[in-house]
Amino acid sequence: MSEHRDDRIRRVEEILLGSPPRYTKGEIAEAAGVSLERAEQLWQAMGFAHVDSDEVIFTDADVAAVRALVSLVSADVIPDELESAVARSLAQTMSRLAEWQTGLFKSLLGKSFATDVETTAEVAAAIVPVMEKMQDYVWRRHLAATVSRELDERDPGIDERVQVVGFADLVGYTRLIRDFTELELTRLIDGFESLAGGVVAQNRGRVIKTVGDEVLFVADSPEEGAEIALTLNEEIAKNDLLPPLRIGLAQGPVLARFGDVYGSTVNIASRLTSVARPASVLIDRELAGSLRGHESYRLISVGPTKVQSFRGLRAWALQRR
């Protein structure tokens, strides 16, 4: 790579970072008032590669960010032992967002993205402030919705609560990866995530995450979980571009931590999904008990189900009456 190209790439980086690099990692630690070891731990927790001692890559924004995190820890807003976990969770979310936004740049600019760095810099300078405002708006909206939901709980301080957990898995995804072009696969994934996100939101659920061919969601009531699952299959059936789904639902205690969910209820839902037939919904004993006798649903026992780590797990097929 030529020195001239290096200079142009550095210009793009400065636009995206908001200011030119001024500090080494030792200098940023000193400026932020933390030990070098602590600064390095935070840097690695955020998913960034090792930096040599003499590399000048940090900006005033890095100093401000470290100071802000340290102040939250000092004020006991964030416990000491969770400092790295908070940084890691935030980084994982932002990393995925950055990958998606870079994809937008590339699709907008085409070949110019790699060959015309000046144009890339100009587009970045124009678009990044708008994206920043949108991110702030969406974050505040989600924060308000989440806080309102927590305040409405009987025990808002408890991380573990009874919820319905669902997995929806595209059938035949491995074959599609092999047979589809990159463009076709992109359209399929986008279509699936858009449809799933809309159905979950309309039925008062929450998407926890999507991983390629699978979406993980939660709902606060048995009826909401059932409606999400059944509606997903119904909407997928109307779409000629998307293969059918396998869906598994389980009800029980769920531990929510850093935007993700954990516990045996999550594992049961995942296992049920793996054995469900295409275009069907399997539910566990607890959810079946909550929905039994409901005028809108029919339950068909499929008996004990052989799945890994759960011997004799009973399942029911969920259908509309």
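Computed from a predicted structure; not experimentally measured.
Defined by atom type and a distance below 3.5 Å, a donor-acceptor pair is present between the side-chain atoms of Y297 and E227. A side-chain donor-acceptor contact under 3.5 Å links Y23 and D60. For the residue pair E224 / Q163, no side-chain donor-acceptor distance below 3.5 Å is found, with atom types taken as modelled. In this structure, a donor-acceptor pair under 3.5 Å is present between the side chains of S301 and R314.
In this structure a side-chain-to-backbone donor-acceptor pair under 3.5 Å is present from S148 to A144. Here the side chain of T265 pairs a donor or acceptor atom with the backbone of P253 at under 3.5 angstrom. In this structure, K25 contributes its side chain and D52 its backbone to no donor-acceptor pair below 3.5 Å. Under a 3.5 Å cut-off, the side chain of D190 and the backbone N or O of R187 do not form any donor-acceptor pair. Proximity of a side-chain donor or acceptor of S270 to a complementary backbone N or O of V266 within less than 3.5 Å is not detected. Using modelled atom types, no side-chain atom of N233 and backbone atom of P244 make a donor-acceptor pair closer than 3.5 Å. Checking side-chain atoms of S194 against main-chain N and O of G191 turns up no donor-acceptor pair under 3.5 Å. Side-chain atoms of E30 never come within 3.5 Å of backbone atoms of E27 as a donor-acceptor pair (strictly under, hydrogens ignored). The backbone N or O of R277 lies less than 3.5 Å from a partner atom in the side chain of S280, making a donor-acceptor pair.
The two residues L232 and F217 come nearest to each other via the heavy atoms CD1-CE2, 4.2 Å. Nearest heavy-atom pair across P222 and Q251 is CG-NE2, 3.8 Å. Of all non-hydrogen atoms in A39 and A29, the two that sit nearest each other are CB-CB, 3.9 Å. Considering all non-hydrogen atoms of both residues, L188 and L242 come closest at O-CD2, 3.5 Å.
Within the structure, side chain to side chain donor-acceptor pair (under 3.5 Å) pairs that include any residue of residues 67-91 comprise R38-E83 (at least two apart or interchain). Pairs passing the ring-ring contact (aromatic ring centres under 6.0 Å, His included) check and including a residue from residues 54-81, sequence neighbours excluded, read W43-F58. Residue pairs meeting the salt bridge (charged side-chain N to carboxylate O under 4.0 Å, His left out) criterion with at least one partner in residues 234-255, sequence neighbours excluded, are E234-R320, E235-K238.
Using a 4.5 Å heavy-atom cutoff, the side chains of V164 and V218 are not in contact. Using a 4.5 Å heavy-atom cutoff, the side chains of V215 and V207 are in contact. Between D260 and L216, the closest side-chain pair of non-hydrogen atoms falls below 4.5 Å. Side-chain atoms of H50 and E55, non-hydrogen and from C-beta on, never get closer than 4.5 Å to each other. The side-chain heavy atoms of L299 and L318, taken from C-beta on, include a pair separated by under 4.5 Å. Taking the side chain as every heavy atom from C-beta outward, V261 and L255 never approach each other to under 4.5 Å.
Residues V63 and L17 fall into different hydrophobic clusters, defined by Ile, Leu, Val, Met, Phe, Trp and Tyr side chains chained together at heavy-atom separations under 4.5 Å. Note: the hydrophobic cluster containing L42 does not contain L36 (ILVMFWY, side chain heavy atoms under 4.5 Å, direct or indirect links). Placement of V56 and I28 in two distinct hydrophobic clusters is found when ILVMFWY residues are connected by side-chain heavy-atom separations under 4.5 Å, directly or transitively. Hydrophobic clustering keeps L241 apart from L170 (ILVMFWY residues linked when any side-chain heavy atoms are closer than 4.5 Å, directly or through intermediates).
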Any chance you could lay out the side chain to side chain contact (heavy atoms under 4.5 Å, CB included) test for L282 and T273, step after step, and finish with the verdict? CA-CA 7 Å; L282 284 186; T273 304; over 6 Å; no
Before you tell me yes or no, could you show the steps for I15 and V128 under side chain to side chain contact (heavy atoms under 4.5 Å, CB included), namely the whole-Å CA-CA distance, both residues' side-chain angles and the distance that decides it to 0.1 Å? CA-CA 9 Å; I15 290 172; V128 166; 5.6 Å; no
Which is it for D220 and R161 under the salt bridge (Lys or Arg N to Asp or Glu O under 4.0 Å) test, yes or no, and what are the steps along the way? CA-CA 9 Å; D220 293 328; R161 64 194 60 180; 5.8 Å; no
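Annotation: salt bridge (charged side-chain N to carboxylate O under 4.0 Å, His left out) contacts of K133 (sequence neighbours excluded): none. The salt bridge (charged side-chain N to carboxylate O under 4.0 Å, His left out) test applied to E214 returns no partner, not counting sequence neighbours. Residues meeting the side-chain contact (heavy atoms from CB on, under 4.5 Å) test with A229, sequence neighbours left out: I247, L249, V281.
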